[in-house]
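Naming: A, B, ... by sequence-line order, numbering from 1 per chain.
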Amino acid sequence: MNAMVPGRRQFLLATLSAAGGLAVGVGFAPDAAALPTNTEIWDTPPPAGAHEVTAWVVIEPDESVLIRVAKQEMGQGILTALPMLVAEELGCDWTKVRAEYASAHRNLVEKNVYGRMGTGGSRSVRENYRLLQQAGASARERLVAAAAARWGVAPAACSVRDGRITHPPSGRTLGFGAVAADAARITLTAEPAIRPPEQFRLAGTPQPRLDTPVKVNGSARFGIDTRLPGMLYAAVAACPVFGGTLVSADDKAIAGRRGIKAVVRLKDAVVVVADNFWRAKQALADLPVTWDEGAAADTDSAQFRAAYRAALDGPAANALTRGNAAAALAGAPKTVEALYEVPYLAHATMEPLNCTAHVQPGRVDVWLGTQFPEKALEAAAEVAGVAPGNVYVHNCYLGGGFGRRAVNDELRQAVAVSKAVGAPVKLIWTREEDIRHDRYRPQAAIRFRAGLGADGMPVAWQARTAVGSIRRSLGWDPVTNGVESSAVEGLANTPYAFPNATVDCILKNTHVPVMFWRSVGSSQNAFAVESFIDELAAAAGVDPLTMRRRLLAGKSDFLHVLDVLEENSGWGRPLPAGWGRGIAIHQSFDTIVGEVVEASVSSRGEVRVHRVVAAVDCGHVVNPATVERQIESAVIYGLTAALSGEITIAKGRVEQGNFDTYEMVRMADAPRIETHLALSGGGKWGGIGEPGTPPIAPALANAIFDATGTRVRSLPLKHARLVGRA
Amino acid sequence: MLRAATQTEARMITLTVNGREHRLDVEPEMPLLWVLRDEIGLTGTKFGCGIAQCGACAVHVNGAATRACSVPVGSIDGAAVLTIEGLSAESNHPVQVAWIAEDVPQCGYCQSGQIMAAVAFLKATPNPSDADIDAGLSNICRCGTYPRLRAAVHRAAALMRT
Ligand code: FES
Ligand code: FES
């Protein structure tokens with residue numbers, strides 16, 4: 001990590017590209033800081049006297065420290081975890097830390113000063129911890145150098161604690177604020193080494209979220225809360241059949257209505273603009289619209305289900321070959337085969353999609369919640385027809401993301417409408433629009449064939465998935481080799497020691513757009529794999545936990561997760577009549593999560609989930625409080641999908657529209673959830689926002705099998721005909 | 001001129017929101033939610049579903065928890081409305097204090113509604129059991145903060161008893 005480079009910018013760039021290919025920027029002038037409260041967390045104008053020590057760190061005159069975060073807060077706690085990593089090295093007083101988003105505009109203009117700002121794939125901590133620690137260490141060393149210079153002592157003789165620099169031999173001490181201006185002008189000759197996790201002081205301790213105070217009094221600004229002078233409101237209806245286009249809209253039907261300002265026609269949608277959202281929405285509902293619904297208007301879910309099943313018998317691309325599975329299967333004393341099916345799922349973020357856009361000559365401003373501010377910036381520039389450097393993205397708190405806010409369809413609409421009407425416009429999707437025009441978790445059919453040897457252990461494993469391609473759906477990539485990594489995650493990279501295995505992939509899209517949904521391919525593949533392993537255990541007469549332990553022999557991290565699960569779940573202990581216990585373990589985003597579910601099934605077939613015990617190996621932990629909450633969140637999210645989640649198609653359009661038909665787990669359905677860390681440390685850094693979701697559906701299905709003897713092979717569970725034994 | 005003014009006057013709907021009187025020239029069918037958000041400018045009350053399913057829009061109307069998306073403002077002319085912004089000046093209502101102590105919010109979008117629902121619930125049920133909470137609090141949280149919500153409701157109940 002130590003190198004001698006003349007200028008501090010070049011110095012940092014060189015150092016950090018070695019550490020991970022990202023650049024940390026350094027600022028030169030006092031030029032940015034936050035509002036007194038972080039209700040609005042986009043980059044804001046500077047208060048007088050604040051000093052930017054690096055692009056990430058601003059020290060304000062009152063000694064408070066503003067830490068900029070280049071990842072987006074959608075509930076996962078990143079606005080707290082990332083500043084903890086900076087503060088870990090900076091040595092500031094954590095109680096004086098405030099966080100705000102880094103600016104996408106500045107990132108563009110200053111050539112990637114913040115690195116990749118897109119937030120997804122449970123990547124924020126594991127991809128950035130070195131960079132952020134380095135930013136904190138670099139700022140600290142400059143502050144120390146500035147104080148040492150003022151005292152005429154060696155920097156090495158100084159120490160830092162709680163935002164103060166001390167020279168113990170002389171007892172002199174200075175606050176960060178007193179030397180921040182000098183520090184901004186310091187050139188370091190050597191980059192300080194960062195602490196290994198074993199030496200963390202702040203990171204690894206549970207810390208309250210920095211954004212909690214503004215989220216308990218209504219002051220946190222979500223995109224939907226944007227208010228601008230002269231702002232109009234827009235309601236939108238896209239063609240109910242994906243891929244269809246607008247033919248005509250008869251504005252005369254709503255002419256003269258109070259508050260209605262305009263009807264804007266987009267290629268595939270119609271928009272009513274008014275002085276109040278309700279007026280726009282009501283008028284839109286009464287607007288006669290003619291659509292060209294296109295070729296898909298006759299399709300339905302039954303056709304798709306048949307097509308995905310049929311595709312399993314057609315040509316496939318190979319994603320994994322180990323040994324000779326066909327021969328081993330033919331020679332196996334016992335074979336087991338099963339087909340698993342999952343439906344499309346909507347994200348249903350609590351905050352419906354919305355965007356406020358203000359298109360002016362030579363300048364475009366947008367306010368929204370986006371997971372990818374840099375892509376939002378590009379999209380706004382493209383639609384408005386301006387250079388990206390003229391676009392300002394004011395990212396807000398996201399009222400949920402789960403992958404949906406990775407692509408901002410609502411932003412494109414809002415920019416087009418603002419441009420058309422020449423005023424700032426807040427465009428809001430109703431819940432129905434949000435459910436019916438999502439980009440969904442793909443529907444899939446997954447088939448397994450396995451052969452069991454004389455000892456009951458699998459000697460052959462064949463898996464085949466027929467599923468929609470996300471990358472093709474987004475137009476990102478034709479995936480010419482026919483294997484999409486997200487489609488086979490958890491299949492092709494199976495941790496189980498099958499001596500002979502094949503995994504085949506059939507990518508098949510319908511007209512329904514598909515995208516990333518919390519845990520992506522693992523959301524369906526873990527359900528299928530972990531259910532089928534349970535079937536093999538039952539066929540072999542082996543305890544399901546023991547079967548997994550044998551298949552994971554030698555993998556100490558997986559085995560440790562199983563041990564922690566066994567110990568804390570009371571595996572094998574008797575349960576009340578009508579109850580069952582199920583287990584699943586899955587690695588995604590470099591994190592292993594095992595879950596044990598206790599559930600009961602009543603004589604009328606009602607399923608109740610009572611208890612979930614989770615064991616987690618994400619390597620290292622920054623904020624244990626966040627890890628616990630993200631597991632709870634991911635379990636509930638996966639439970640909603642397992643119990644009732646499905647998007648079905650009739651006449652080419654989505655049948656569900658709101659929470660009455662796309663049902664959510666509520667308080668009364670929520671189980672007790674206990675999270676246990678089973679950290680393996682070392683070089684492992686795993687994600688935490690998503691990996692808790694994949695194991696919950698199979699663990700629950702396995703618990704239902706334990707309780708009833710009925711194997712659930714298709715989700716959601718609400719369609720399964722179950723009869724409890726109590 | 002005089003007649004027009006009188007007609008407007010006759011259409012006016014009066015609401016006292018967080019102790020402040022508002023005279024509103026809006027259609028009586030307009031849901032309270034959009035009056036609060038778009039006309040008065042109080043955006044702490046959220047839009048989640050529009051059909052009384054999720055509770056993101058919960059406010060108190062004359063002291064009772066109400067889903068503002070489904071109440072035509074004309075039906076509550078003269079009412080006193082309390083929103084999250086008016087619950088306390090310093091976020092120090094016991095329910096807010098409990099929410100902070102349990103660090104409940106994740107994305108936070110549902111939390112105004114959760115808090116307003118919990119405040120009304122605890123008035124009627126000052127010493128709730130888990131079963132009472134299951135039966136009395138049905139707002140959706142897509143982030144799944146239910147375990148923390150439950151703990152915070154118990155904590156708030158304890159704070160309010162002392
Ligand atoms: S917005 Fe009113 S209950 Fe959902
Ligand atoms: S905290 Fe996100 S919906 Fe409840």
Side-chain angles (χ1 to χ4, degrees), chain A residues 73-77 208-209 211-222 224-227 233 258 275-279 281-282 348-352 397-402 428 430-432 625 629-630 632-637 639-640 658-660 664-670 672-673, chain B residues 26-27 29-31 33-35 37-39 41-51 53-54 56 83-85 87-88 90-91 93 95-97 99-101 103-112 115 131 133-150 153:
Chain A
E73 179 60 61
M74 49 188 147
Q76 81 281 41
R209 298 173 60 118
D211 54 353
T212 293
V214 299
K215 288 180 173 176
V216 300
N217 63 15
S219 66
R221 292 297 180 89
F222 297 86
I224 203 167
D225 302 329
T226 306
R227 292 176 65 82
Y233 297 80
R258 182 169 177 192
D275 61 357
N276 168 296
F277 179 68
W278 178 78
R279 290 185 186 122
K281 176 173 88 75
Q282 295 302 102
T349 57
M350 203 70 222
E351 177 193 16
Y397 290 103
L398 280 64
F402 316 119
I428 302 173
T430 59
R431 177 58 61 193
E432 289 78 8
R629 282 161 179 76
Q630 280 308 292
E632 291 165 4
S633 174
V635 162
I636 302 275
Y637 199 80
L639 210 46
T640 285
N658 208 318
F659 295 129
D660 51 347
M664 298 286 129
V665 161
R666 298 173 192 249
M667 181 74 87
D669 319 305
R672 194 150 54 92
I673 303 169
Chain B
V26 294
E27 301 86 319
E29 310 82 56
M30 187 182 287
L33 173 63
W34 300 108
V35 174
R37 290 183 57 87
D38 293 1
E39 300 295 316
L42 290 172
T43 54
T45 305
K46 302 304 187 203
F47 167 56
C49 69
I51 59 165
Q53 273 283 326
C54 74
T83 73
I84 185 75
E85 290 93 341
L87 188 59
S88 69
E90 303 285 335
S91 296
H93 185 283
V95 170
Q96 288 168 305
V97 171
W99 249 241
I100 291 169
D103 220 10
V104 174
Q106 289 190 20
C107 85
Y109 192 76
C110 73
Q111 297 295 338
S112 298
I115 289 169
I133 293 174
D134 286 347
L137 292 174
S138 61
N139 286 15
I140 293 170
C141 174
R142 189 58 166 144
C143 297
T145 61
Y146 303 117
R148 306 294 158 175
L149 284 168
R150 186 187 298 281
V153 170

Which atom names give the shortest non-hydrogen contact between A:Ile673 and B:Pro147, and what distance separates them?
CD1-CG, 4.3 Å
If we define contacts as heavy-atom pairs under 4.5 Å, which of B:Cys143, B:Ala56, B:Ser112 has the most with chain A?
B:Cys143
Contacting region of A:Ile428 [heavy-atom separation from chain B under 4.5 Å]:
side chain
Would a distance-only check, ignoring hydrogens and angles, find a side-chain to backbone donor-acceptor pair under 3.5 Å from B:Arg142 to A:Thr349?
no
Please report the closest heavy-atom contact between B:Leu149 and A:Met667, naming both atoms and the distance.
CB-CE, 3.7 Å
Scored by heavy-atom pairs under 4.5 Å with chain A, the best of B:Ile133, B:Asp103, B:Asp134, B:Ile84 is B:Asp103
Closest-packed option against chain A by number of heavy-atom pairs under 4.5 Å, given B:Cys54, B:Pro31, B:Gly144, B:Cys49:
B:Cys49
Name the member of A:Gln630, A:Glu73, A:Arg279 that forms the most heavy-atom pairs with chain B at distances under 4.5 Å.
A:Arg279
Chain B interface, residue from A:Thr226, A:Asn217, A:Asp669 that has the most non-hydrogen pairs under 4.5 Å
A:Asn217
Ignoring hydrogens and angles, tell me if any N or O in the side chain of A:Arg666 forms a donor-acceptor pair with the backbone of B:Ile140 under 3.5 Å.
no
Which atom of B:Asp38 lies closest to which atom of A:Phe277, heavy atoms considered
OD2-N, 2.7 Å
Thinking salt bridges, do B:Glu27 and A:Arg258 make one under a 4.0 Å N-O criterion?
yes
Could you list the residues that satisfy ring-ring contact (aromatic ring centres under 6.0 Å, His included) with B:Phe47, not counting sequence neighbours?
B:Trp34
Options A:Trp278, A:Tyr637, A:Tyr397, A:Phe402, ranked by heavy-atom pairs under 4.5 Å with chain B, top entry:
A:Trp278
So, does B:Tyr146 use its side chain to make a donor-acceptor pair with the main chain of A:Val665 at under 3.5 Å?
yes
Polar side-chain atom of A:Arg209 near backbone of B:Gln106 as donor-acceptor pair, under 3.5 Å:
yes
Compare every heavy atom of B:Ser91 with every heavy atom of A:Pro213, then report the nearest pair and how far apart it is.
O-OG, 4.5 Å
Please tell me whether A:Asn276 and B:Glu39 have a donor and an acceptor in their side chains that are separated by less than 3.5 angstrom.
yes
Quick check: closest heavy atoms across A:Arg431 and B:Gly48, and the distance to 0.1 Å?
NE-O, 2.8 Å
Most contacts with chain B, counted as non-hydrogen pairs under 4.5 angstrom, among A:Ala348, A:Ala634, A:Gly400, A:Ala670
A:Ala348
Side-chain contact, heavy-atom cut-off 4.5 Å: B:Tyr109 with A:Pro352?
yes
Please report the shortest heavy-atom distance between B:Pro105 and A:Thr212, naming the atom on each side.
CD-CG2, 4.1 Å
Residues passing the side chain to side chain contact (heavy atoms under 4.5 Å, CB included) test with A:Glu432, sequence neighbours excluded, are A:Thr430, A:Arg436, A:Asn658, B:Ile51
Under the 3.5 angstrom rule, does the side chain of B:Arg150 hit a backbone N or O of A:Arg672 as a donor-acceptor pair?
no
Spell out, as yes or no, whether a donor-acceptor pair under 3.5 Å connects the side chain of A:Arg629 to the backbone of B:Thr145.
no
Side-chain ion pair, B:Lys46 and A:Asp225, N-O less than 4.0 Å:
yes
Count the heavy-atom pairs under 4.5 Å between each of A:Asp211, A:Ile224, A:Ile636 and chain B, then report the option with the highest count.
A:Ile224
Note: vs chain A, highest number of non-hydrogen pairs under 4.5 angstrom among B:Gly108, B:Gly44, B:Cys110 is B:Gly108
Among B:Gln111, B:Arg37, B:Glu85, which has the most heavy-atom pairs under 4.5 Å with chain A?
B:Arg37
Could you check if a side-chain atom of A:Met74 sits within less than 4.5 angstrom of a side-chain atom of B:Cys107, using non-hydrogen atoms only?
no
Could you tell me which portion of B:Val35 (side chain, backbone, both or neither) has an atom closer than 4.5 angstrom to a non-hydrogen atom of chain A?
neither
